Novice: 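Sharing a structure here in structure tokens format.
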There are 2 protein chains.
Amino acid sequence: MLNPALPLGFAHHDHTNCVIDTLTAAETYCAEKELRFTPVRRKVLEILSQEHRALGAYAILDRLRESGFGSQPPIAYRALDFLVLNGLAHKIERLNAFIACSHLGYTHTPFFMICHLCNTVAEAQYVPDRGALESAAQTAGFHIEQTVVEAKGVCPSCITKGDI
Amino acid sequence: MLNPALPLGFAHHDHTNCVIDTLTAAETYCAEKELRFTPVRRKVLEILSQEHRALGAYAILDRLRESGFGSQPPIAYRALDFLVLNGLAHKIERLNAFIACSHLGYTHTPFFMICHLCNTVAEAQYVPDRGALESAAQTAGFHIEQTVVEAKGVCPSCITKGDI
DNA sequence: ACTAACTTGTTATAGTATTACGTCTGTATC
DNA sequence: GATACAGACGTAATACTATAACAAGTTAGT
């Protein structure tokens with residue numbers, strides 16, 4: 001099980017476990033919700049979980065092709081739509097790219113930290129601040145359904161390298 | 001002067017003043033910072049401030065053409081880059097579209113409320129919650145340079161109409 | 001087996017954004 | 001005033017991102 005307290009991505013670790021853990025969690029999750037975790041969808045999630053960078057749809061498509069799947073855009077986009085819709089992956093709007101969810105099963109407002117030097121993306125557990133955001137929305141009479149928070153900046157390893 | 005406390009966009013009001021106020025504020029701001037507020041840039045900001053919806057680059061381009069400016073994409077993108085870089089406009093990543101800043105001169109982390117029924121966008125004054133976001137970033141050792149918060153939901157007038 | 005709902009494959013096309021290069025304009029310097 | 005420089009604009013070409021539409025295959029329930 002993935003630990004929701006630690007933002008992966010910036011820390012060194014064994015990717016093999018990431019992939020296995022993510023896929024196992026996804027399988028369990030889909031079984032519970034009676035969702036079809038088909039080969040393409042599984043492959044896309046596998047591809048995404050192999051790195052903690054966001055991948056564009058066409059980069060994913062290239063890897064699908066190498067693995068013998070269809071190679072037209074809708075193949076990738078449909079799998080990604082499924083993953084995003086069901087919270088197994090997220091779209092990073094600033095990058096027009098996608099990343100595996102690292103807090104599957106925990107309801108959360110994703111908070112992404114995007115390093116603009118090495119393009120690594122980490123997803124932090126962000127307990128939605130119902131104080132500030134909700135109150136701003138309430139003042140306006142707005143009903144929030146979904147919130148995305150994306151921060152651009154420099155990740156710890158680039159700071160250490162002195163690139164800042 | 002624009003009132004930073006009230007999120008425009010969802011409230012009925014006279015647009016004429018919005019446009020004039022925005023352009024005047026931008027002129028003053030650019031003069032202070034020794035930025036060139038050229039005719040194209042001015043025109044793009046004028047176009048944006050005429051509505052409180054986000055406009056795509058190509059929609060802006062159409063209107064530039066009608067006004068006798070160049071009609072190739074870079075014309076619009078360069079003006080938009082300038083406006084965004086200097087805080088006179090913001091990009092709504094979820095929509096790949098742009099909107100005039102309604103809190104010019106106030107340092108702020110923009111918080112956008114996007115109505116997915118009527119596509120109206122309101123920018124709220126969001127006092128950055130250094131508690132939750134910063135602490136999540138600090139835990140990860142991440143240095144935040146810029147943060148974008150985008151909420152999808154339903155605006156007050158669509159709620160009233162019963163579209164929800 | 002039959003049907004309905006869903007998923008995949010493929011073609012074509014729409015929408016968003018950037019690169020590259022030439023020209024012009026304003027400013028500072030000699 | 002002539003010159004050099006930087007920034008901004010005009011245009012053409014191209015790259016990147018995403019969706020529509022339709023045909024064919026698959027799965028689960030009847």
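Given the structure is predicted, the values throughout are model-derived calculations rather than measurements. Just so you know, these numbers use all the heavy atoms, side chains as well, and skip hydrogens, waters and symmetry mates. The chains referred to below are lettered A, B, ... by the order of the sequence lines, with proteins before strands, and numbering in each begins at 1.
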Novice: Is the F98(B) ring parallel, tilted or perpendicular to the Y77(B) ring (thresholds 30°, 60°)?
Specialist: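 Rings of F98(B) and Y77(B): perpendicular, over 60°.
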Novice: Could you tell me how far apart D81(B) (CG) and dT19(C) (C1') are, to the nearest whole angstrom?
Specialist: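 In whole Å, dT19(C) C1' and D81(B) CG are 13 Å from each other.
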Novice: Using the side-chain heavy atoms of R36(A), tell me which of these nucleotides is nearest: dC6(C), dA18(D), dG9(C).
Specialist: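 Shortest atom-to-atom distance from the side chain points to dC6(C).
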Novice: Expressed in angstrom and rounded to an integer, what is the separation of I75(B) atom CD1 from dA8(D) atom C1'?
Specialist: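 Answer to the nearest Å: 9 Å.
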Novice: dG10(D) base to R78(B) side chain: any donor-acceptor pair below 3.5 Å?
Specialist: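 Looking at the base of dG10(D), it does pair with a donor or acceptor on the side chain of R78(B) (distance under 3.5 Å).
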Novice: Between the side-chain atoms of Y58(A) and the base atoms of dA15(D), is any donor-acceptor pair under 3.5 Å?
Specialist: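 For Y58(A), whose side chain was compared with the base of dA15(D), there is no donor-acceptor pair (under 3.5 Å).
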Novice: Side-chain contact test, heavy atoms from C-beta onward, threshold under 4.5 Å: evaluate it for H15(B) versus H52(B) and give yes or no.
Specialist: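 Side-chain contact under 4.5 Å: yes.
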Novice: Please state how far atom CG in D62(A) lies from atom P in dC16(D), giving the value in whole angstrom units.
Specialist: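 In whole Å, dC16(D) P and D62(A) CG are 11 Å from each other.
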Novice: Output the rounded distance in Å from NZ (K43(A)) to P (dT8(C)).
Specialist: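 The distance from NZ of K43(A) to P of dT8(C) comes to 15 Å, rounded to the nearest Å.
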Novice: How many Å lie between CG on L61(A) and P on dT10(C), as a whole number?
Specialist: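 Interatomic distance, CG of L61(A) to P of dT10(C): 11 Å.
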Novice: Between dC6(C) atom C1' and L85(A) atom CG, what is the distance in whole Å?
Specialist: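 After rounding, the reported distance stands at 14 Å.
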Novice: State, with a plain yes or no, whether a side-chain heavy atom of E134(A) is found less than 4.5 Å away from one of I144(A).
Specialist: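 When only atoms from C-beta onward are counted, I144(A) and E134(A) do touch, with a gap below 4.5 Å.
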Novice: Output the single nucleotide from dT7(C), dA18(D), dA17(C) whose closest atom is nearest the side chain of R41(A).
Specialist: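 It is dT7(C).
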Novice: Is there side-chain contact between L48(A) and L80(A), with heavy atoms separated by less than 4.5 Å?
Specialist: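 Result yes, sub-4.5 Å side-chain heavy-atom pair found.
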Novice: Specify the separation, in whole Å, of atom CG of L55(A) and atom P of dC16(D).
Specialist: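 Nearest whole value for this atom pair: 15 Å.
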